[in-house]
**Student:** 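Quick one: the structure is below, questions incoming.
Atoms considered below: every heavy atom in the structure, side chains included; atoms not considered: hydrogens, waters and symmetry mates. Throughout, protein chains are lettered first and strands after them, A, B, ... in sequence-line order, and every chain is numbered starting at 1.
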Number of protein chains: 2
Amino acid sequence: MGGCFLFTRLTRSPSKNCPIEASLNLIGSKWSFLIIRELMIDGTLRYSEIQRNLEGISPRTLSAKLKLLEQSNIISKKVYPEVPPRVEYSLTKFGEKLEPIFLELKNFGLTLQN
Amino acid sequence: MGGCFLFTRLTRSPSKNCPIEASLNLIGSKWSFLIIRELMIDGTLRYSEIQRNLEGISPRTLSAKLKLLEQSNIISKKVYPEVPPRVEYSLTKFGEKLEPIFLELKNFGLTLQN
DNA sequence: CCGGATCCCTTGTGATACTG
DNA sequence: CAGTATCACAAGGGATCCGG
């Protein structure tokens with residue numbers, strides 16, 4: 001019903017175990033998506049590189065999102081004991097499993113061009 | 001580099017034409033995702049049904065997100081001139097193109113169970 | 001009686017300045 | 001360089017109200 005040809009494959013799991021919601025609880029903000037996108041494209045990035053690529057993000061928000069993503073084991077943080085400090089972020093093996101989502105986001109976005 | 005096996009397929013388009021960002025500009029909030037999920041599963045829903053299914057959303061936010069999604073042509077709104085009023089929301093053909101994204105969100109969410 | 005609009009208050013986010 | 005501190009504002013939750 002409703003014209004949704006995939007409804008038999010996309011079901012809402014009973015009471016708070018919905019896998020879609022679980023995914024969104026990990027990555028469900030625009031900045032989180034874009035940070036992950038950066039790391040998918042470039043592999044490893046420093047704090048300032050992410051900040052430069054994501055025009056408009058404030059350092060406060062960037063720190064907060066990086067911390068959340070690290071706690072969720074989606075990205076990993078490597079601190080080099082140098083002066084000046086160097087910190088590199090990259091996707092974990094777990095985080096790389098998000099790539100199909102991003103490819104579909106890209107595919108949809110490409111349909112917006114015309 | 002970086003261990004991201006799809007990096008050759010997932011590229012950042014030059015300067016503000018990134019299709020991933022374009023997608024996120026349309027649906028990039030948790031509530032928007034969840035409203036769309038509801039309509040993908042059930043096809044057509046009334047305002048109060050969406051509100052009941054999305055435990056925790058406020059009427060203010062629900063109205064705002066519905067309005068945005070309608071303006072983006074992702075959902076359509078049908079008002080029945082009855083008393084008491086009845087308003088039904090459903091995905092547009094365009095909105096149905098988002099389904100692959102949600103299937104991948106579901107697939108990823110299912111890997112979180114263990 | 002349903003679909004919102006309005007009000008008030010809390011929480012999140014942006015900009016800028018600043019520090020180890 | 002990689003963040004934190006601070007302030008101002010926007011977004012969101014919750015209750016209440018109201019026109020059709």
**Student:** What is the distance, rounded to the nearest whole Å, between atom CG of L54(A) and atom P of dA15(C)?
**Tutor:**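 Whole-Å distance recorded here is 13 Å.
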**Student:** I'd like to compare against my own output: the B/S/- annotation of nucleotides 2-15 of chain D with a strict under-4.0 Å heavy-atom distance to protein.
**Tutor:** SBB-B-----BBBB
**Student:** Any side-chain heavy atom of L62(A) sitting closer than 4.5 Å to one from I35(A)?
**Tutor:**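 Touching, per the 4.5 Å side-chain cut-off.
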**Student:** Can you give me the bend angle of the helix from dC1(C)-dG20(D) to dG20(C)-dC1(D)? Use the axis through the first five pairs and the one through the last five, nearest 10 degrees.
**Tutor:**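 Axis angle across the helix from dC1(C)-dG20(D) to dG20(C)-dC1(D), nearest 10°: 30°.
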**Student:** Please tell me if the side chains of R37(A) and N53(A) come closer than 4.5 Å, counting only heavy atoms from C-beta onward.
**Tutor:**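 A side-chain contact is absent here, since even the closest heavy-atom pair is not under 4.5 Å.
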**Student:** Side chains of L66(A) and Y47(A), heavy atoms from C-beta outward: is any pair under 4.5 Å?
**Tutor:** yes
**Student:** Rounding to an integer number of Å, can you tell me how far E82(B) CD sits from dG4(C) P?
**Tutor:** 14 Å
**Student:** Kindly indicate whether the side chain of L112(A), heavy atoms from C-beta on, has any atom under 4.5 Å from the side chain of F94(B).
**Tutor:**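 Yes. Closest side-chain heavy atoms under 4.5 Å.
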**Student:** Within the structure provided, determine whether L105(B) and I27(A) are in side-chain contact (heavy-atom separation under 4.5 Å).
**Tutor:** yes
**Student:** Looking only at non-hydrogen atoms, find the nearest pair between G28(A) and F33(A) and report the distance.
**Tutor:**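 Looking at all heavy atoms of both residues, the shortest contact is CA-CE1, 4.3 Å.
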**Student:** Side chains of L91(A) and I74(A), heavy atoms from C-beta outward: is any pair under 4.5 Å?
**Tutor:** yes
**Student:** Tell me what P84(B) touches on the nucleic acid: a base, only sugar-phosphate, or nothing, going by heavy atoms under 4.0 Å.
**Tutor:** base
**Student:** Say whether K30(B) and N25(A), considering side chains only, have a donor N or O and an acceptor N or O under 3.5 Å apart.
**Tutor:**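 The answer is yes; a qualifying pair exists.
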**Student:** Separation of K30(B) atom NZ from dG12(C) atom C1', in whole Å?
**Tutor:** 14 Å
